[in-house]
Amino acid sequence: MTKNSFKELEEIYIKERGNASEQTKKKISANIGLFGFIGHLIELYLPSAGQVLKSFDLTTPGAKDKKQKKYPNK
Amino acid sequence: MIINLLNPIITHSSYKTMSDEEALEQYLLTQNVNYFNLLYDRYTNKVYSKCISMLKESELAEDATQEIFVKVLLSISKFSGKSKFSTWLYSVTYNYCIDIIRKGKKEIIVSLEDNTKLDLEDDGMLDAEIMETNVFRLKQVLGLMNVEDKSILMMKYQDDLSIKEICDVMDKTESAVKMKILRAKERFLKIYQENYSRSG
């Protein structure tokens, strides 16, 4: 079998890395968790936030008048 | 706490022996991070090794590894499944490192006089010569090469990617890739001879 120094070099780098991969994994997991959490928050609250904004628009005093002024002939 | 509830521990026995593609499919289906962790555990060292080869500093390589996996995670739904997951991951890795290097500095490109007509067929003798280079010399020579040449040699000799897979990674035609490989090999040998021809 032919010797492959590229693979040997790869092994050397991996050995030198030690257990740093676990630290990186924790950081990535934290990122993933944060993304997931934000995603779930958006999923949960975005539709109701839309409803709230819509209701603000309807309950704002003069909202109907403004619409009427915009098209005074209608 | 919330995160743990969202990612229950996978208990079925076939979990660890899943193929990359199956783990990926399950991750997309369930969004359970443990499936992604499985892929991370399989490839983190390979990704790191490429990063350190290209970026030369361990801290930078560790940050790059983190960024690459987050990038992969965010764009995982774009993975078409045309290539193997590993090929796609390596493609993200090489392109990320190349971008970092290009942003950071101008490279010294070793020129090669272009007065010979190159035969694009694989030269087995040249392959053996390159693969059997002393590992410490290999590290030195790769360190002196430009990032594109270095990455194409790593794809070929370290990752065992086929020409077609390298075409996918580099987004180039088959003949362009063959040409790049040949040029990279010649540059490798040129740098090697310049540095070690006297010492043998």
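Below, chains carry the letters A, B, ... as their sequence lines are ordered, and counting in each starts from 1.
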Salt bridge (Lys or Arg N to Asp or Glu O under 4.0 Å) against A:Lys26, all qualifying residues, sequence neighbours excluded: none
Decide whether B:Thr44 and A:Arg17 meet the rule of one side-chain donor and one side-chain acceptor closer than 3.5 Å. yes
Taking the side chain as everything from C-beta on, heavy atoms only, tell me whether B:Lys46 gets closer than 4.5 Å to A:Glu10. yes
Rounding to 0.5 Å, atoms CD1 (A:Ile28) and OG1 (B:Thr65) come to a distance of 8.0 Å
Kindly say whether B:Tyr157 contributes a backbone atom to a donor-acceptor pair with the side chain of A:Asn4 at under 3.5 angstrom? yes
Could you please spell out the steps behind the side chain to side chain contact (heavy atoms under 4.5 Å, CB included) verdict for A:Glu16 and B:Tyr48? CA-CA 11 Å; A:Glu16 283 173 357; B:Tyr48 172 82; 5.9 Å; no
Can you tell me how far CG of B:Asp41 sits from CD of A:Glu22, rounded to the nearest 0.5 angstrom? 6.5 Å
Is A:Lys27 close to B:Phe69 at the side-chain level, that is, under 4.5 Å between some pair of heavy atoms? no
hydrophobic_cluster_shared for B:Met54 and A:Ile14, side chain cutoff 4.5 Å: no
Are side-chain heavy atoms of B:Asn37 and A:Ser29 found at a separation under 4.5 Å? yes
Between B:Tyr40 (side chain) and A:Lys25 (backbone), is there a donor-acceptor pair under 3.5 Å? yes
When the 4.5 angstrom heavy-atom criterion is applied to B:Leu153 and chain A, the contacting part is both
Which heavy atom of B:Val135 sits nearest to which heavy atom of A:Ser5, and what is that distance? CG2-O, 3.7 Å
Using heavy-atom distances under 4.5 Å, tell me whether B:Lys50 contacts chain A through its side chain, its backbone, both, or neither. side chain
Close side-chain approach of B:Asp159 to A:Lys7, heavy-atom, < 4.5 Å: no
Pair A:Thr24, B:Gln66: side-chain N/O donor-acceptor within cut-off below 3.5 Å: no
B:Glu25 atom CD, over 12 foreign heavy atoms within 6.0 Å: no
Validation row: B:Leu142, A:Leu9 side chains within 4.5 angstrom (heavy atoms): yes
Quick one: closest heavy-atom pair of A:Phe6 and B:Ile130, and the distance? CE1-CG2, 3.6 Å
Would you compute the distance between atom CD of A:Glu8 and atom CD of B:Glu132 and round it to the nearest 0.5 angstrom? 10.5 Å
